[in-house]
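The block underneath contains the structure these notes are about, expressed in structure tokens.
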Amino acid sequence: QVHLVESGGGLVQAGGSLRLSCDASGRTFSWSDMGWFRQPPGKERESVAVVMWKGGNTYYADSVKGRFTIARDNAKQTVYLQMNSLKPEDTAVYYCAPAFWGSGRWIGKSWGQGTQVTVSS
């Protein structure tokens, strides 16, 4: 099991940037696909970006392509999400999680407390 602690959220104006970090503990981190998910107010949680454990391939939701970048540092057991050109619709609680592909979508296996990102217009 992986224990997760997200950080780096905050309040930013539209067009600004934030960098989220997710510190993970647990022996399975290095061979887990890791994802960032978000839950906007009043909506369901959705996948944002995933980085594979093997080869480092990445997946991005269409809504963030070209603006967000996911990366991982296996030695530090940390996953990052660099968010640029932020929009008000990016406002959400952001979570990282070990992820797997199922039923046509990325699904998180376990959750931390999340970090709030608020983008003002």
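Everything numeric in this text was worked out from a predicted model, so none of it was measured. Quick note: numbers below take in every heavy atom, side chains included, and nothing from hydrogens, waters or symmetry partners.
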Would you tabulate the side-chain donor-acceptor contacts of residues 78-85 under 3.5 Å, counting partners in other chains and residues two or more places apart, or write 'none'?
from	atom 1	to	atom 2	distance (Å)
T78	OG1	D23	OD1	3.0
T78	OG1	K76	O	3.1
Q82	NE2	N84	OD1	2.9
N84	OD1	S17	OG	2.9

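- Within the model, atoms OG of S47 and CZ of R105 stand 8.5 Å from one another, a figure rounded to the nearest 0.5 Å.
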Pair L4-S110, side chain to side chain contact (heavy atoms under 4.5 Å, CB included): steps then yes or no: CA-CA 8 Å; L4 307 154; S110 60; 4.0 Å; yes

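- Q113 CD: more than 12 foreign heavy atoms inside a 6.0 Å radius.
- Under 4.0 Å is where a charged nitrogen must lie from a carboxylate oxygen, and between D90 and K87 no such pair does.
- Taken to the nearest 0.5 Å, the OG atom of S120 stands 5.0 Å off from the CG atom of L11.
- A distance of 5.5 Å separates OG in S30 from CD in Q77, rounded to the nearest 0.5 Å.
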Chi angles and distances behind the side chain to side chain contact (heavy atoms under 4.5 Å, CB included) call for W53, M34: CA-CA 7 Å; W53 72 272; M34 293 296 298; over 6 Å; no

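- Cluster membership check: V12 shares its hydrophobic cluster with V48, using side-chain heavy-atom separations under 4.5 Å among Ile, Leu, Val, Met, Phe, Trp and Tyr.
- Put simply, L18 and W36 are part of the same group of oily side chains (I, L, V, M, F, W, Y) that touch within less than 4.5 Å, one to the next.
- Side-chain contact check for R19 versus S7: every heavy-atom pair is 4.5 Å or farther apart.
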Candidate pair E89 and S121, rule side chain to side chain contact (heavy atoms under 4.5 Å, CB included), full reasoning: CA-CA 10 Å; E89 51 263 43; S121 57; over 6 Å; no

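- Using bins of under 30°, 30° to 60° and over 60° for the plane-to-plane angle, the ring pair W111/F37 lands in the perpendicular bin.
- In this structure, CD in Q13 is found 13.0 Å from OG1 in T118, a value given to the nearest 0.5 Å.
- If you chain together hydrophobic residues whose side chains sit under 4.5 Å apart, Y60 and V119 fall into the same group.
- If you look at W101 and W106, their ring centroids are closer than 6.0 Å.
- Annotation for G56 and V51: closest pair O-CG2, 3.9 Å, computed over non-hydrogen atoms.
- Figure legend: cation-pi geometry between R72 and F29, with NZ or CZ positioned under 6.0 Å from the six-membered ring centre and within 45° of its axis.
- In this structure, Y94 and F68 have tilted ring planes: the angle between them lies in the 30° to 60° band.
- Between the E6 side chain and the T115 main chain, no donor and acceptor come within less than 3.5 Å of each other.
- Salt-bridge formation is not detected for the pair K54/D33: no Lys NZ or Arg NE/NH1/NH2 atom is positioned less than 4.0 Å from an Asp or Glu carboxylate oxygen.
- Cation-pi contact between R45 and Y95: present, with separation from the ring centre below 6.0 Å and deviation from the ring axis of at most 45°.
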